[in-house]
Amino acid sequence: FRRTRQLDFGPLLKRNIQNRKLTAIRSEKSGNEGSISSAIEGEENSDVISSPEKHGLMLGIDRDDSGSVIGLNLIPGDNEAIDADVVSTVTKVKDEEIKKEKIETRVTYNIVFVTAEAAPYSKTGGLGDVCGSLPIELASRGHRVMVVSPRYLNGTSADENFAHVFDADRRIKLQCFGGEQEIAFFHEYREGVDWVFVDHPSYHRPGNPYGDSHGAFGDNQFRYTLLCHAACEAPLVLPLGGYTYGEKCLFLVNDWHAGLVSVLLAAKYRPFGVYKDARSILIIHNLAHQGVEPAATFKNLGLPSNWYGALEWVFPTWARTHALDTGEAVNILKGAIVTSDRILTVSKGYAWEITTVEGGYGLNQLLSSRRSVLTGITNGIHIAEWDPSSDEHIAFHYSAASLSGKVQCKTALQQELGFPIKPDCPLIGFIGRLDYQKGIDLIHWAIPELMEDDLQFVMLGSGDPLYEDWMRSAENTYRDKFRGWVGFSVPISHRITAGCDILLMPSRFEPCGLNQLYAMRYGTVPVVHATGGLRDTVENFNPYAGEGRGEGT
């Protein structure tokens, strides 16, 4: 036998070569040397024994990864037969491996989002944006996706968001709050997603999803307990597209409003063999809101009495209202943390922050104990909706290759706001809720000094009435430099993002934040506090890096 050169089939037999296994033999004539046996194999030494004179059978040796001999093969010496057999065998093996890869990587799920808001139907912040766009993306990847959210009606133009939602003709009665509560389901199939809305009179009132000008609604525990019970029943009772989602679902539970879903699966359904193959993932968008109510309200939640410990919460002495206050309460988010199979936050930085005393809001030790199932995944944005080259809400379009349209957007925004048209004057914007978390008090105290410079400032948002009144007052004081838009408008938010030079986000803590992502998408410089998702997504600018070219966003 002799060593021979490699022939053909190299790419075709790549996997088998990597497995150190004999894969093909062929012969060729080479001058007067007669027949030369050629081997394609993964070993350094030839493991083919043949007779150059006779082309009957050749002996092939198979080895494992360690080099040990694990078998012998008799290979026919007929050239054409070998070529045909090799091609046929290799093609079959390759097709089987490709098919196997597709089966292993293409796993689809029945996914049920449970959320208090989902854009465009309802929205107060980033939760609505994420739950309005992420389900569509997951559906485009082959998953069957349902979103369960309340059907809010407040007597304003926002009710038109539900114009294409129809009654699913399904009423069920839920056992909670001392009796039977009847709810109805409404449905819309849009962009590959089943949008399911829970209807009850408690969702029909003026204000936003959580409260009005007088503060948070006093019956929010009741309203979102209904949502959670309904969300657990929806996959079982709604024949969407002709058949139900069934018990094998993956529930994505968003914040405390939906947190009772994980507890219900564990306490109400699995003990009776229902949803035994279902799983729940808690997504924490904002740990500061936990759904804490007096301990006496536990009996209203529709849970077995022996599950009180999962939700039990005791305030520290310093946080109690008076000397006789025992501090006992129920904490729905705590129950979700205890019973969910996995826990996600909306950025890696926030996943760490909530395990600290400063960022854990009393749940840091519990979250630290579940660190093995705690993960941070940074939020994304809807790149089709937020695209400066095609945005329907802005007057001029532009891209990274041509920024001339951004200058025109700035001029158009200055004109819309009644500012003097100054292309060289920095235009700073703020979009967000007017509350302590967003650092609105820092802007409040900084405005007098900022207004001494040649700049313009526009704010869009609502929240604390104190800061809403301050925005109106500041607009009257600095008429050529400051504008405060109390409320929220999607078109205005797009125009501010496109027209401003700088977007300001001085948040004290920020689980992720989306406005800085929108700003970078639109070529607007984000100036942010280095916390949570802001630190993860905004790269600090260094003017001296890259030989003076600068790096960062």
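The residues of the chain are indexed from 1 along the displayed sequence.
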With a 4.0 Å cut-off, would you call [X] and [Y] a salt bridge?
X      : Y      : result
Arg472 : Asp469 : yes
Asp199 : Arg151 : yes
Asp454 : Lys422 : yes

Is Arg205 close enough and on-axis enough to Phe217, meaning under 6.0 Å and within 45°, for cation-pi?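 Yes.
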For Phe457, does the six-membered ring have the charged nitrogen or CZ of Arg483 within the cation-pi criterion, i.e. under 6.0 angstrom from the centroid and within 45° of the normal?
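Judged by the rule, Arg483 and Phe457 form no cation-pi pair.
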What about the rings of [X] and [Y], do their centers lie closer together than 6.0 Å?
X      : Y      : value
Phe185 : Phe197 : no
Trp470 : Phe482 : yes
Phe509 : Tyr361 : yes
Phe186 : Phe162 : no
His494 : Tyr518 : no
Tyr189 : Trp195 : no

Practice prompt. Let me see the working for Tyr467 and Asp435 under side chain to side chain contact (heavy atoms under 4.5 Å, CB included), right down to the final yes or no.
Written response: CA-CA 8 Å; Tyr467 291 113; Asp435 62 23; over 6 Å; no
